Amino acid sequence: MGIPETLTHLRKLPKSAAEETDPLIRARIVGEILAALAEVEDALKAVRQPAVAELREQGHTVRALAAELGLSPARVDQIAKGKRA
């Protein structure tokens, strides 16, 4: 499964979880999904930070990167420096 298909699948998770009729199972499923997403988020941030730092080292400006990434210049600077927000 490629990234676009994976993203489509992830976007369907809330509806799929909501279709579970047993509220205890529904709550457990959502809890497991949220825990997995937190792990994935941390792993993705570990990939993004060095990429942004590398781009800064190559001379890309914070403002240019912010425009490309859809982030604020302040957030790009935080990412490049490895700061959490």
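Treat the numbers as computed from the prediction; the structure is a model and nothing was measured.
Considering only heavy atoms from C-beta on, His9 stays 4.5 Å or farther from Lys12 through its side chain. In this structure, the side chains of Leu10 and Leu13 come closer than 4.5 Å at one or more pairs of heavy atoms.
Closest approach of Ser72 to Ala66, counting heavy atoms only: C-CB, 3.7 Å. The minimum heavy-atom distance between Ala46 and Pro50, with the atom names listed, is O-CD, 3.0 Å. Residues Pro73 and Arg63 come closest through the heavy atom pair CG-NH1, 4.1 Å.
Between Asp22 and Arg26, none of the side-chain N atoms (NZ, or NE/NH1/NH2) sits under 4.0 Å from a carboxylate O, so this pair counts as no salt bridge. With salt bridges taken as basic N to acidic carboxylate O contacts below 4.0 Å, one links Lys45 and Glu41.
No donor-acceptor pair under 3.5 Å is formed between the side chain of Glu20 and the backbone N or O of Ala17. Arg56 contributes a side-chain N or O that, together with a main-chain N or O of His60, makes up a donor-acceptor pair within less than 3.5 Å.
Around atom CD1 of Ile3, no more than 12 heavy atoms belonging to other residues, nucleotides or ligands sit under 6.0 Å away.
Residue Leu37 holds its CG atom at 12.0 Å from CD of Glu32, rounded to the nearest 0.5 Å. Separation of atoms OG1 (Thr61) and CD (Glu68) is listed at 10.0 Å; rounding is to 0.5 Å. For the atom pair OG1 (Thr6) and CZ (Arg11), the distance works out to 11.0 Å, reported to the nearest 0.5 Å. Between atom CZ of residue Arg28 and atom CD1 of residue Ile33 there is a gap of 14.5 Å, rounded to the nearest 0.5 Å.
With respect to Val52, the side chain to side chain contact (heavy atoms under 4.5 Å, CB included) criterion is satisfied by exactly one of Leu71, Leu69, Asp77, Val62: Leu69.
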